[in-house]
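Convention: sequence-line order gives letters A, B, ...; per-chain numbering from 1.
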There are 2 protein chains.
Amino acid sequence: MTKKNANFRNESRSITIADVARVAGVSVPTVSRILNDKEYVAEETRQRVHEAIRTLGYAPHTQARRLRGGVSMTLALHHPIESPHELSSVIEIPYVTGAAAAASEKEYFLNFLVSQLNPESILNMYRSNQIDGIILLQVCMDDWRVNLLRENNYPFVMIGRCANLEGLSFIDLDFENAMLQAFDYLIELGHQNIGFLTYPQSWRKIGIGPAIRSLEGYKHALNKYGLHGCYREIGLNSVEEGFEGTNDLLQENPELTAIITVSHLTAAGSIKALALHGRNVPQDCSVMVTGFGGNFANVVTPSLTTLEWSPYEISYQATILMTEKLANKELPAQQILIPPKLVVRESMKEVR
Amino acid sequence: MTKKNANFRNESRSITIADVARVAGVSVPTVSRILNDKEYVAEETRQRVHEAIRTLGYAPHTQARRLRGGVSMTLALHHPIESPHELSSVIEIPYVTGAAAAASEKEYFLNFLVSQLNPESILNMYRSNQIDGIILLQVCMDDWRVNLLRENNYPFVMIGRCANLEGLSFIDLDFENAMLQAFDYLIELGHQNIGFLTYPQSWRKIGIGPAIRSLEGYKHALNKYGLHGCYREIGLNSVEEGFEGTNDLLQENPELTAIITVSHLTAAGSIKALALHGRNVPQDCSVMVTGFGGNFANVVTPSLTTLEWSPYEISYQATILMTEKLANKELPAQQILIPPKLVVRESMKEVR
DNA sequence: GCAGTTTCTGATAACGTTATCAGAAATCGT
DNA sequence: ACGATTTCTGATAACGTTATCAGAAACTGC
């Protein structure tokens, strides 16, 4: 017990800047200067210190640096949904990886926030220097998070949009553009009767952006081309709702030659329903999907032509934006709308 | 400029324990004691301090706590794949949310690690006290991460298994069990000719557990029931490979009445191929899927009967395990195999 | 009423780093 | 050759917290 390994429990004690200084025969601040690439260090000293660092296997103590520096070099990616299980259906992994990649590129860490976070706990994360900024996923029109963070003057970037955007930075999907693009393409193929299966009414009512703006976009597009349309607001996560929604649409307007949906699952339901009405896709009716989930598009037969966004890119850009804001507080608010990309597969055809 | 707000840039300076102490009229250590629920504090003092905390909006400075305490209260979830884009096809979001939920429950933070991490940078994360432990996703037989962490005596938990498991903790999918379960069910339905579309050969060769053990499990199960089988090792991410694989299987054994696949996409390809051979699923041939991705199962027609694991649960359990290990270094290694759950849908039927 | 215990509190010193200052050594200009 | 500048280095003090110690106050038991 009197042995040298009395500090056995201390096995994880890390090598400090002081150890390096001792080995290199310099002072502690000098090592620090070298670690931080400050000017005014003799080349010879620099080399000696670097060698000591290498032989000792020294790594700077992150917590200490952060305490001293006043920043945590950590960002949070926050999703509002309470139940983590539900999350899986809405948020895709590229949202996480995109943010993680951007963060690591800028030498930040990324915490993924899940679970029931109340306002107080979010404020606390910032106050307690756990995080320097937040990237908000799935921002809706009247988002309590936005109000909270704005009031408290906390740095954040939104993926999605809220109501009063003045002075706020966001990245969002350009739904109006998407609908116009969809119509441009459909019109080009000769379609005049275009149905729409969109997000649930409940989503629109609680102010979820995609639900609001895609319907607006649909109406704009109808206007632009002087067409009448018909739409249904249905759930996204079941083939059944697509099936029933399509039945409804066909009852209202049997002349439909094209249906736009906002989820691959409902599109699958659409195809089923159309088949039951004796209509093959794409020969007798075209089906187009706007949204995410390129993976699904190829599972359905026929494979689905889509207007898609890359969640990876969006999340990546939002995170870069956050780091830039943190690096330069004076940076004016950036408001970025991302247009979707048309990916032609099998589910659309010219009107005969 | 001589104004009080010379410390303007200091606007984010947080309220410290010292402020609380001053307001409450006590000493700094006393506040600390109260914050950490230590014994020996007068009830009256406790209340006074708590009130000061509330009125000031104080939150403990995480970095300082961690510096003092020597732990970071942060875990990392690490995935080995280099390109973040590829990640999306293999790792699902519940892996992240499950770990995040467990971490937050145990008052840890969770960093999601992505991008090209070399050995050195992983060691550094630990050495530099950024993280207290790592949860490794997708561990394969000869995983460099495992060797590295084991050699350096770093705390980690695996999702998946490597070669030499002595003294290591892991959570893995029980593939042998899965194959036996699959066969039990298939035999019950009267099937005797059971084909298998499994993971790519390349995966097996580089030692990816599912690829190795599901094939082993298949062979065991054949043995158990005294059957002959036929299998193909194909890619997972395309309907086409499922299509071609199934054609191959049917050529080798036209008597097949059931096919097991390990991905929903290849199952979809299977169904296509069977249809082309005039065989309807499930009337003329059953299709079963083992693996993740319950979402996909309902997109395909007919919907797919599956043996599925919950990535959320697995990740959750692995993370809890990690925290327990950190809380108690003496805890013996835990090695946990999770059996899959049979979810009956439409794609399987009794043999006529 | 006094030693012995328990309950409470505050000074002090760390944790590992970096900013600030000031002093020493080297280089420069005249 | 001498002051002025530039280059380099080290003491010192912070960042916000907690562990340790010791002392004060309040209780015990006789």
With heavy atoms under 4.0 Å as the rule, sort Val28(A) into base, sugar-phosphate or nothing.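 Answer is base: heavy atoms of Val28(A) come under 4.0 Å of a base.
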Pick the closest DNA chain C nucleotide for Ala64(A) and for Pro29(A) by heavy atoms, then say which residue is nearer the 5' end.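 Result: Ala64(A).
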To the nearest Å, give me how far apart CD (Gln63(A)) and P (dT18(D)) are.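 Rounded to the whole Å, the gap is 14 Å.
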On DNA chain C, nearest-nucleotide positions of Gly69(B) versus Val41(B): which is more 5'?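 Its nucleotide being nearer the 5' end, the pick is Val41(B).
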Write down the distance between CD1 (Ile17(A)) and P (dA14(D)), rounded to a whole number of angstrom.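 Roughly 19 Å, once rounded to whole Å.
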Rounded to whole angstrom units, what separation is found between the CG atom of Leu35(B) and the C1' atom of dA19(D)?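 Atom CG in Leu35(B) sits about 15 Å away from atom C1' in dA19(D).
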State, with a plain yes or no, whether a side-chain heavy atom of Ile93(A) is found less than 4.5 Å away from one of Tyr95(B).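 SC-SC contact between Ile93(A) and Tyr95(B) ruled out.
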Phosphate-side-chain proximity, Tyr40(B) and dG10(C), N/O vs OP1/OP2 below 4.0 Å: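 False: Tyr40(B) side-chain N/O out of range (4.0 Å or more) of dG10(C) OP1/OP2.
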Write down the distance between CG (Asp19(B)) and C1' (dT17(D)), rounded to a whole number of angstrom.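 Distance, rounded to whole Å: 13 Å.
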Map Arg33(A) and Ser32(B) onto DNA chain D by nearest heavy atom, then report which one ends up closer to the 5' terminus.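 By nearest-heavy-atom nucleotide position, the 5'-most residue is Arg33(A).
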Asn36(A) side chain: which of dT9(C), dG16(C), dT18(C) is closest?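 The listed nucleotide nearest to Asn36(A)'s side chain is dT18(C).
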Length of the line joining Ile34(B):CD1 and dG10(C):C1', which is rounded to integer Å: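 After rounding, the gap between these two atoms is 13 Å.
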Can you tell me how far P of dT17(D) sits from NZ of Lys38(B), to the nearest Å?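 So the NZ-P distance, Lys38(B) to dT17(D), works out to 14 Å.
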Rounded to the nearest 0.5 Å, what separates atom CG in Leu326(A) from atom NZ in Lys106(A)?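 One gets 11.0 Å once the value is rounded to the nearest 0.5 Å.
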I want to check one thing: is the phosphate of dG10(D), taken as OP1 and OP2, less than 4.0 Å away from some side-chain N or O of Ser27(A)?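 For Ser27(A), the contact criterion (side-chain N or O under 4.0 Å from OP1 or OP2 of dG10(D)) is met.
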Would you please confirm or rule out a distance under 4.0 Å between OP1 or OP2 of dG16(D) and any side-chain N or O of Arg65(B)?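 Checking dG16(D) against Arg65(B), no side-chain N or O comes under 4.0 Å of OP1 or OP2.
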Between Tyr126(B) and Tyr154(B), ring centroids under 6.0 Å: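 Here the rings of Tyr154(B) and Tyr126(B) have centres that are less than 6.0 Å from each other.
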Working for side-chain contact (heavy atoms from CB on, under 4.5 Å), residues Asn36(B) and Arg65(B): CA-CA 11 Å; Asn36(B) 294 284; Arg65(B) 276 196 159 166; 3.8 Å; yes
Are there more than 12 heavy atoms of other residues, nucleotides or ligands under 6.0 Å from atom CD of Gln335(A)?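 For Gln335(A), atom CD is crowded (more than 12 foreign heavy atoms under 6.0 Å).
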For the base of dT17(D), is there a side-chain donor-acceptor partner from Arg68(B) under 3.5 Å away?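 Looking at the base of dT17(D), it does not pair with any donor or acceptor on the side chain of Arg68(B) (distance under 3.5 Å).
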Any idea which of dG16(C), dT9(D), dT9(C) is nearest the His61(A) side chain?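 Nearest to the side chain of His61(A) among the choices is dG16(C).
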Atom pair distance, as rounded to whole Å: OH in Tyr58(A) and P in dG16(C):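 After rounding, the reported distance stands at 10 Å.
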Check whether any side-chain N or O of Thr45(A) sits under 4.0 Å from OP1 or OP2 of dT9(D), and answer yes or no.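 For dT9(D), OP1 or OP2 has a side-chain N or O of Thr45(A) closer than 4.0 Å.
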In whole angstroms, how far is the P atom of dA14(D) from the CG atom of Leu67(A)?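 About 14 Å, once rounded to whole Å.
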